[in-house]
Amino acid sequence: DAGVIQSPRHEVTEMGQEVTLRCKPISGHNSLFWYRQTMMRGLELLIYFNNNVPIDDSGMPEDRFSAKMPNASFSTLKIQPSEPRDSAVYFCASSPGLQIANTGELFFGEGSRLTVL
Amino acid sequence: GQNIDQPTEMTATEGAIVQINCTYQTSGFNGLFWYQQHAGEAPTFLSYNVLDGLEEKGRFSSFLSRSKGYSYLLLKELQMKDSASYLCAVASYNTDKLIFGTGTRLQVFP
């Protein structure tokens with residue numbers, strides 16, 4: 001069974017450009033999470049969806065960030081306009097059930113490394 | 001809100017035992033997780049504790065004390081491949097949110 005698939009794996013862009021990161025969760029998983037990881041702040045939860053519905057977006061840094069999940073097999077995280085401080089690794093993860101504590105774990109994709117010049 | 005603290009870095013010798021501590025403050029605690037992350041890779045699940053006590057899984061064990069807001073990950077018979085970051089994460093009751101600490105980078109030397 002394929003794991004969580006993210007694209008692109010690496011992206012280098014210039015300040016002000018739009019960035020779109022994509023994620024395909026594991027088939028049958030009901031919850032999807034977007035995290036951002038930097039050396040200074042570690043792994044931060046940006047937003048998560050349950051059954052394609054955004055449940056908590058309190059971690060989204062500002063209005064430049066938006067996320068969508070149009071169907072159970074696809075999600076996007078968009079940054080517009082991008083800034084150098086957005087440089088980080090962005091991870092998508094999925095889990096099977098409503099309560100993570102019952103299901104036991106998150107399954108992470110390989111991440112998208114974003115560099116904004 | 002939630003607050004999770006763990007040491008930034010640790011070093012140990014191959015074959016030794018190392019204990020990585022994690023303290024947390026959260027409302028609605030509903031489980032503590034440990035993840036391993038090798039450099040340049042995704043985090044992978046190691047262990048889960050929701051009740052007090054020790055959970056053993058091969059060379060790795062994880063301990064939880066809910067009253068103290070404290071957990072540790074114990075790694076025995078260290079191997080070079082155990083060099084990685086170890087992330088402590090806390091789940092909140094009735095949500096799917098998993099909040100991570102900043103991680104402890106462990107370096108194992110020969």
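Quantities reported herein were computed from a predicted structural model and do not represent experimental measurements. Order of the sequence lines fixes the chain letters, A, B, ..., with proteins taken first and strands second; residue numbering starts at 1 for each chain.
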Looking only at heavy atoms, which of residues 77-92 of chain A get nearer than 4.5 Å to chain B? A:Phe91

How is the hydrophobic cluster of A:Ile5 composed, in terms of its other members, when Ile, Leu, Val, Met, Phe, Trp and Tyr link through side-chain heavy atoms under 4.5 Å apart, directly or indirectly? none

Remaining members of B:Tyr72's ILVMFWY cluster at a side-chain heavy-atom cut-off under 4.5 Å? B:Ile17, B:Leu54, B:Phe63, B:Tyr70, B:Leu74

Tell me, out of A:Arg41, A:Gln37, A:Arg113, who's got the most heavy-atom pairs with chain B below 4.5 Å. A:Gln37

Give the cluster check for B:Met80 versus B:Phe109: same hydrophobic cluster or not, with ILVMFWY residues linked at side-chain heavy-atom distances below 4.5 Å. no

Assigning hydrophobic clusters by single linkage (Ile, Leu, Val, Met, Phe, Trp, Tyr; side-chain heavy-atom cutoff under 4.5 Å), is A:Met39 placed with B:Phe100? no

What do you reckon, is CD of A:Glu14 surrounded by more than 12 foreign heavy atoms closer than 6.0 Å? no

Verify same cluster id: A:Phe74, A:Val53 (apolar side-chain graph, 4.5 Å): no

Heavy atoms from other residues, nucleotides or ligands near CG of A:Asn71 exceed 12 (cutoff 6.0 Å): yes

Step-by-step side-chain contact (heavy atoms from CB on, under 4.5 Å) determination, A:Leu45 to B:Ile99: CA-CA 7 Å; A:Leu45 178 63; B:Ile99 305 301; 4.2 Å; yes

On a heavy-atom basis, which atom in A:Phe108 and which in B:Ala42 lie closest, and how many Å separate them? CB-CB, 3.8 Å

Determine the minimum heavy-atom distance between A:Leu106 and B:Tyr35, stating which atoms define it. N-OH, 2.6 Å

Starting from A:Val12, walk the hydrophobic network (Ile, Leu, Val, Met, Phe, Trp, Tyr; side-chain heavy atoms closer than 4.5 Å) and list everyone else you reach, by chain and number. A:Leu117

Examine whether an atom of B:Leu32 lies under 4.5 Å from a heavy atom of chain A, and if so say whether it belongs to the side chain, the backbone or both; otherwise answer neither. neither

